[in-house]
Structures are given as C-alpha cells and as structure tokens.
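Scroll down for the structure; my scribbles are underneath it.
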Amino acid sequence: MNPKLSVDDLAIFSGTPAFAEQLHVGRPNIGDRAHLLGLFNQILDTRQLSNMGPLEREFEQRVAELLGVKHCIAMCNATVALEIAIRALGLTGEVIVPSFTFIATAHALQWQQIVPVFCDVDPETHCLDPRSVEKMITPRTTGIVGVHLWGRACEIDTLTEIASRHRLKLLFDAAHAFACSYEGRMIGGFGDAEVFSFHATKFFNTFEGGAVSTNDDQLAAKIRLMKNFGFAGYDKVIYIGTNGKMSEISAAMGLTSLESLDDFVETNRGNYQQYRSKLAEVAGLRLLTFDENEKCNYQYIVVEIDETKTGVSRDELVQVLHAENIIARRYFYPGCHRMEPYRTCYPDAGRALPLTERLAERVLTLPTGTAVGETEISGICQIIRKTIARGPEVHERLSAQRQNLRVTTRK
Ligand code: T4K
C-alpha cells in the first residue's frame, strides 16, 4: 500500500484506494479444509443430513465440554435459539433488554408478542447498566436479556442478584462471547441459559448456526423438544415447537472450526494488539480493550470517535475508509429503538437512552480475523491516523462535497 502522505492522497478525494480488494469485518475463518471435506464425504456416505445426526451430537458434546456446562443444544442460528430459549423460559409481558445490540435480540422477543423494554448501557462496557435495569422493572416484567457485547461479559453477578431478588428469568445473548470467560468461568453457564451465534461472520462459524447452553436439566430437555417441533417420539407432540435443528454440514464445519479455535483466537489477539499499539495516543479515538486476565476471542475491533477532538465525525471516517476499500461497520447504529417496529411503537424510547444514542453515533468496528494481516492493519491504522491528524480539513472538504452534491441534485 502506498502511504497516504497528504489529504489529497485519500481515495475519497483524488487518491487511489489503498486496497485493491475490500477488507471486511466478519470475513469467515475457515479451519482444516481436508478434514472438513472428509466429514462432508462421511455425511454423503451415511446419508444422515440432519435431525440430530452423529456430527450434531458430537458438536454439542464438544461445546458443552469446552464451556463446562451440562447441556449444549445446537441450533440453526442464534435468532431461533433466542426465540426458543425465551419461549422455553416462559417469558411474557415485558422483558428488559439493551437497545445497543443487533436487532435479533429485540426481534426474538417482539416475534413472540413480548415487549422489549429498552434499557441504557454503561458507556465503559457497552453492556446493560444494572442500575438502569432495576429502574425499569414493573409488575409486567418477567425477565432480563443481557448481551455480552463484543465478547465482553455483562455485569453478571449484579444482574443475577437483581433477577433473583425480583424473581425474574435471566437470559444472556452470548452471540459474541464464544470462548470468553467471566471471573475465570467460561461464559455459557450463567443465568438461566445463554445463547451463542456461529454465523459465518463470527470468528467461530458453522456457516449458519447457534446454540443454547444451560445447566438446567428440565430447561434443556424442553429446548431440545422445542427445536424439533415439540416431538417427544414418533407421532407424539407435547409442546409448540419450531425447526431449530443444526444440519450435519454445519456441525461438520463446527467440529472443524473447534480444532482451529485457539489459532483463530491467537490471530485475533495479535491483530488486536497491533491495532492497540498503532492507534494508541490518537486524540479523540478510543479503542475498546479486553481484560487480559479473562479468556477473550478478540473478534471485534471496536473504536469510539469523539468528534469534538478528532474534528471529523465517525460517519465521515467510515466514508473515508470505505473509499479505501476498508469496509468498517457502524455496529449497532442506530440502536434497536430507532428501527421498526420499535421506532413507531415506542417513539420516546430514545429519551430514556442517552448513552445508547451517544454510543450509536460514535462506534465503528474494523476488519480483523484470518483474512487480514500485519500489512493490512498497518495500512488501516495509517489512514485513520492521517484522517484524524487532518480532521478539520477532511471534515471541511467532505462538507463541501456534500454541499456540491446537493446543488447538483437540485439542478
Ligand atoms: N445477537 C447478537 C448480539 C448478534 O450480533 C447476532 C448476530 C445475533 C444475536 C443473531 O445471530 P444469528 O441469528 O445471525 O446467528 C451480521 C451477521 O449476519 C449477524 O450474525 C451478526 N450478529 C451481525 C453483528 O452481523 P450483517 O448484516 O452485518 O452481515 P453482512 O452480510 O453485512 O456481513 C458482514 C461482512 O462479512 C460482509 O461485509 C462480508 C463478510 N462476509 C459475510 C458473510 C455472510 C463474508 O465475507 N462471507 C460471508 O459468508 O450481520
């Protein structure tokens, strides 16, 4: 990559894009291909393609061992896993949930006519603020769904205490937190249940996939039935259920990915450390850090931009990066409460969520994983540093571009 010596070298103005091919957040990590293809052949040979086949069962057992939990129930994705866990826990009425999360967390509730009551987050951790949670509990509240955002655990102890004092169910959306720990214990065994995502964009993927983990035998049994339409034997249905099963092909990917899990984490950790050293001391930019005393998967490189110090807004920086083929993402802008149907149903929710609103305007995530290396990260950081060093000038030129565009469109 040619260094960007001046603002003119930025592709958004007149320079050449830094990268010929796009760099993405969420490019899948792929384990041992030969092993994976071997398992595919095995699936084809046995003709067991789905419905709790041997690979799905082996995958569940391996994940349960890794997490130190009694039960892992593999699913077709985390959204359905959340829906099933919510139903199996008997949640109704209102459930407290952060708005600063992927839309699936809220949808899994609303889909079942449960009101997601959006709660503010702690600006340091980006996770549910337990003090705000407590204030939102009403007689209609039946549960709390905490999200371990970016793989960093919620304040689990405090949330557990609040849930037990108010007799509420506690579910964790651990979509980002596979292979992470909280106070030395693997995430997966907290609350009533936890839900993981193994989507292609996660550092550990099964193409599409997810899982519910729990230490509660009865709950696990119910979830197992619910993921298979509620069947409790041939011709016998005992609950309303759905189709949440993981296919054998996904389980094969999961088993292969498990073998490379440590390598994926190590690559992410190296990338994170490189970003950390290269973005240290950039005024107005805060890189979210991970607790080195805990197990982390380091799958998201998250930065916050304080426009009052950088002179350039988060959205302008994203525009600059996209022009260079660095596809930074504004996860989780604009917050669930500003998306439909919540925006229309709860138009005033934003007023109760000042910290969420602020974060949604400041956060962006950068490419990492096995698809990027030292050269790419160096280039990304150089562009970010250059843009912020000349923040006011970049801002002015982008404002002028927007103004010109407006005039041209009006003509
Ligand atoms: N709870 C939380 C907190 C979550 O973050 C999520 C999902 C869920 C629950 C629900 O989990 P699942 O039901 O999905 O298991 C992505 C993912 O689709 C979603 O799984 C994830 N969170 C969310 C944070 O990100 P998009 O809309 O950003 O995906 P997309 O298609 O823009 O992909 C991101 C980038 O990854 C692309 O720019 C290109 C690259 N990519 C993607 C795919 C799918 C590839 O290179 N190859 C691929 O196969 O939502």
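When a ligand or atom number is given, it counts from 1 through the structure's own listing order.
- The pair E294-R152 fails the salt-bridge criterion, with no side-chain N (NZ, NE, NH1 or NH2) lying under 4.0 Å from an Asp/Glu carboxylate O.
- The side chain to side chain contact (heavy atoms under 4.5 Å, CB included) with L366 is formed by just one residue from the set V372, V303, I377; it is V303.
- Counting only residues at least two apart or in different chains, ring-ring contact (aromatic ring centres under 6.0 Å, His included) contacts with residues 3-38 are absent.
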What does the N/O contact table under 3.5 Å look like for ligand 1?
unit_1	atom_1	unit_2	atom_2	d
ligand 1	1 (N)	D173	OD1	3.3
ligand 1	1 (N)	D173	OD2	2.7
ligand 1	5 (O)	H176	NE2	2.7
ligand 1	11 (O)	S197	OG	3.4
ligand 1	13 (O)	A78	N	3.4
ligand 1	13 (O)	T79	N	3.0
ligand 1	13 (O)	T79	OG1	2.6
ligand 1	15 (O)	A78	N	3.0
ligand 1	15 (O)	S197	OG	2.8
ligand 1	20 (O)	H199	ND1	3.3
ligand 1	20 (O)	K202	NZ	3.3
ligand 1	22 (N)	K202	NZ	2.9
ligand 1	25 (O)	Y331	OH	3.3
ligand 1	28 (O)	R329	NH1	3.2
ligand 1	28 (O)	R329	NH2	2.9
ligand 1	28 (O)	Y331	OH	2.6
ligand 1	32 (O)	R329	NH1	2.8
ligand 1	36 (O)	V25	O	3.2
ligand 1	36 (O)	G26	O	3.2
ligand 1	38 (O)	H24	ND1	2.8
ligand 1	46 (O)	R27	NH1	2.4

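- We find that E316 and R402 are joined by a salt bridge, their nearest charged nitrogen and carboxylate oxygen being less than 4.0 Å apart.
- A salt bridge is defined here as a Lys NZ or Arg NE, NH1 or NH2 lying under 4.0 Å from an Asp or Glu carboxylate O, and D216 with K70 fails to meet this definition.
- A salt bridge does not link E60 with R57: every distance from a Lys NZ or Arg NE/NH1/NH2 to an Asp or Glu carboxylate oxygen is 4.0 Å or more.
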